[in-house]
Enquirer: 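I have a structure here, written as structure tokens, and I will follow up with some questions on it.
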Protein chains: 2
Amino acid sequence: MSLRHALLGLLAEQPASGYELTQVFEASLQRFAWHARHSQIYPELNKLADEGLVTVVGSGARNRRTYGLTDDGRAELHRWLVTPPGPPHVRNESVLRMFLLTALPPDDARALLERFAEEGARVEATLAEIRGDDSPEAVLEFGQFAAEFGLRYFRMQQEWAQWAIDALEKAGHTRPG
Amino acid sequence: MSLRHALLGLLAEQPASGYELTQVFEASLQRFAWHARHSQIYPELNKLADEGLVTVVGSGARNRRTYGLTDDGRAELHRWLVTPPGPPHVRNESVLRMFLLTALPPDDARALLERFAEEGARVEATLAEIRGDDSPEAVLEFGQFAAEFGLRYFRMQQEWAQWAIDALEKAGHTRPG
DNA sequence: ACCCGCATGTAAGCCGTTACATGATTTC
DNA sequence: GAAATCATGTAACGGCTTACATGCGGGT
């Protein structure tokens with residue numbers, strides 16, 4: 001169960017409310033790391049609070065509660081990070097689609113690859129803005145490592161899609177239809 | 001629910017038994033596209049057979065059944081592939097860990113990054129072997145697109161980890177400790 | 001006043017994991 | 001004939017999605 005550690009990790013950077021954490025997932029995390037909805041995040045925060053890993057450090061209008069890490073929470077995050085993970089288990093629907101391309105006639109496949117490349121270009125541009133400042137100090141802030149990873153990932157996605165389009169084309173010359 | 005489409009896609013390439021499909025997931029698919037266990041695959045195959053999307057095309061010892069796509073199954077796969085997907089929902093524990101690195105003291109972070117880079121190198125080497133032949137004909141076979149994607153992904157992973165290690169070091173000089 | 005966005009919550013049902021379970025065939 | 005591997009299955013439980021639900025606060 002990685003959701004709780006994702007939450008602990010985000011709160012290690014700075015205290016936040018469930019609403020704000022939900023926005024972080026929606027805006028960035030879900031694109032290349034982890035996906036979660038508010039209906040999962042709120043109960044999990046309450047559970048973490050019950051277990052003493054996070055605690056309410058502030059409150060505002062509309063029943064807003066800001067959570068921060070406790071010492072136990074920080075210890076648990078650290079423990080999880082340094083424990084060697086098992087074999088990787090990935091679920092990525094975009095990539096799955098690309099792997100099943102060969103089931104399509106070349107023209108359809110080509111159209112999908114172009115869409116995939118275009119998505120890569122679009123997200124890369126967004127992330128380049130987010131990244132912004134890349135001075136040594138700024139890069140240590142949370143989100144800078146992530147943004148750089150995303151940038152490289154989506155650039156790779158574009159390049160691969162272009163390679164695949166070329167491969168399709170070459171094969172088309174060799175055995176048309 | 002992408003599992004059924006993963007199965008349909010694999011069966012579009014060639015007929016296979018549940019056991020063989022499980023091995024494909026274990027050997028390659030789960031590393032960068034989709035993860036599933038036999039306990040999920042067998043019931044899903046039975047469901048797909050009930051719905052007429054796949055059918056038993058052969059049987060062997062030990063109650064082994066080989067499944068193939070029906071016309072309905074091929075149509076469903078095609079429909080799914082050409083339907084534009086919603087916003088991407090990714091779950092990747094390795095990447096999540098890397099995003100939460102800044103919660104660790106630099107030495108621990110560096111150790112994790114080195115492990116991450118090493119994993120990239122190891123998997124890249126494995127995939128380079130799988131890829132093998134890259135003639136235009138071979139590249140159209142299922143697994144060639146996938147292997148190339150994996151190759152580039154894990155190379156990117158290494159390069160990013162090296163970048164992050166350098167960034168940590170530079171920051172260490174700027175504000176030691 | 002009204003509307004939109006903020007902010008949190010819950011319940012039903014599906015998807016996925018872990019564990020348990022069984023028997024057949026091949027290999028040594 | 002013992003052990004390893006092939007081959008499939010199921011049940012309980014926990015994670016996740018979808019949908020429904022509620023109310024406050026700020027802006028116009």
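Here the structure is a predicted model, which is why all the values come from computation and not from measurement. Note on naming: letters A, B, ... go to the chains in the order of the sequence lines (proteins, then strands), and numbering restarts at 1 for each one.
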Enquirer: Please determine whether a side-chain nitrogen or oxygen atom of R4(A) lies at a distance below 4.0 Å from atom OP1 or OP2 of dC16(D).
Expert: no
Enquirer: Against E159(B), only a single residue in Q157(B), R155(B), Q162(B) fulfils side chain to side chain contact (heavy atoms under 4.5 Å, CB included); can you say which?
Expert: R155(B)
Enquirer: Looking at T55(B), V57(B), V54(B), which one forms a side chain to side chain contact (heavy atoms under 4.5 Å, CB included) with Y67(B)?
Expert: V54(B)
Enquirer: Does Q40(A) put a side-chain nitrogen or oxygen below 4.0 Å from OP1 or OP2 of dT17(D)?
Expert: yes
Enquirer: Let me know the distance between CE of M1(A) and C1' of dT18(C), rounded to the nearest Å.
Expert: 14 Å
Enquirer: Would the base of dT18(C) count as contacting S39(B) through its side chain, where contact means a donor and an acceptor less than 3.5 Å apart?
Expert: yes
Enquirer: At less than 4.0 Å, is any side-chain N or O atom of N46(A) found next to OP1 or OP2 of dG9(C)? Yes or no.
Expert: yes
Enquirer: Name the one of F25(B), W34(B), F32(B) that satisfies ring pair (Phe, Tyr, Trp, His ring centres under 6.0 Å) with F99(A)?
Expert: F32(B)
Enquirer: Compare the minimum distances between each of dC16(D), dT8(C), dT5(D) and the side chain of R62(B), then state the nucleotide with the smallest one.
Expert: dT5(D)
Enquirer: Are Y42(B) and dG9(D) close enough that a side-chain N or O sits under 4.0 Å from OP1 or OP2?
Expert: no
Enquirer: Let me spell it out: for each of P43(A) and A61(A), pick the nucleotide of DNA chain C with the closest heavy atom. Which residue's pick is nearer the 5' end?
Expert: A61(A)
Enquirer: May I have the distance from L45(B) (atom CG) to dT10(D) (atom C1'), rounded to whole angstrom?
Expert: 15 Å
Enquirer: In whole Å, I'd like the distance from the NE2 atom of H38(B) to the P atom of dA7(D).
Expert: 13 Å
Enquirer: For Q23(A) and dA7(C), what is the distance between atoms CD and C1' respectively, to the nearest whole Å?
Expert: 10 Å
Enquirer: Return the value, rounded to whole Å, for the distance between atom NZ of K47(A) and atom P of dG9(C).
Expert: 15 Å
Enquirer: Does D107(A) CG have over 12 foreign heavy atoms under 6.0 Å away?
Expert: no
Enquirer: For dC6(D), take OP1 and OP2 only and decide whether either is under 4.0 Å from a side-chain N or O of Y19(B).
Expert: yes
Enquirer: Would you indicate, yes or no, if dA7(C) has its OP1 or OP2 atom less than 4.0 angstrom from a side-chain nitrogen or oxygen of R64(A)?
Expert: yes
Enquirer: For H89(A) and H35(B), take the angle between the two ring planes, folded into 0 to 90°, and tell me which bin it lands in: parallel under 30, tilted 30 to 60, perpendicular over 60.
Expert: parallel
Enquirer: Could you state the CG-P distance from L48(A) to dG15(D), rounded to the nearest angstrom?
Expert: 12 Å
Enquirer: Let me see the working for Y42(A) and Y19(A) under ring-ring contact (aromatic ring centres under 6.0 Å, His included), right down to the final yes or no.
Expert: CA-CA 8 Å; Y42(A) 287 118; Y19(A) 191 80; 7.9 Å; no
Enquirer: If I take atom CZ in residue R65(A) and atom C1' in nucleotide dT8(C), what distance separates them, rounded to the nearest angstrom?
Expert: 7 Å
Enquirer: Between dT8(D), dC15(C), dC16(D), which one does the side chain of L3(A) approach most closely?
Expert: dC16(D)
Enquirer: Nearest whole angstrom, please: distance from the P of dT17(C) to the NE2 of H89(A).
Expert: 8 Å
Enquirer: Would you say dT18(C) has OP1 or OP2 under 4.0 Å from some side-chain N or O of R37(B)?
Expert: yes
Enquirer: Could you tell me whether the phosphate oxygens of dC15(C), OP1 or OP2, come under 4.0 Å of any side-chain nitrogen or oxygen in R91(B)?
Expert: no
Enquirer: Is a donor-acceptor contact shorter than 3.5 angstrom present between the side chain of H35(B) and the base of dG16(C)?
Expert: no
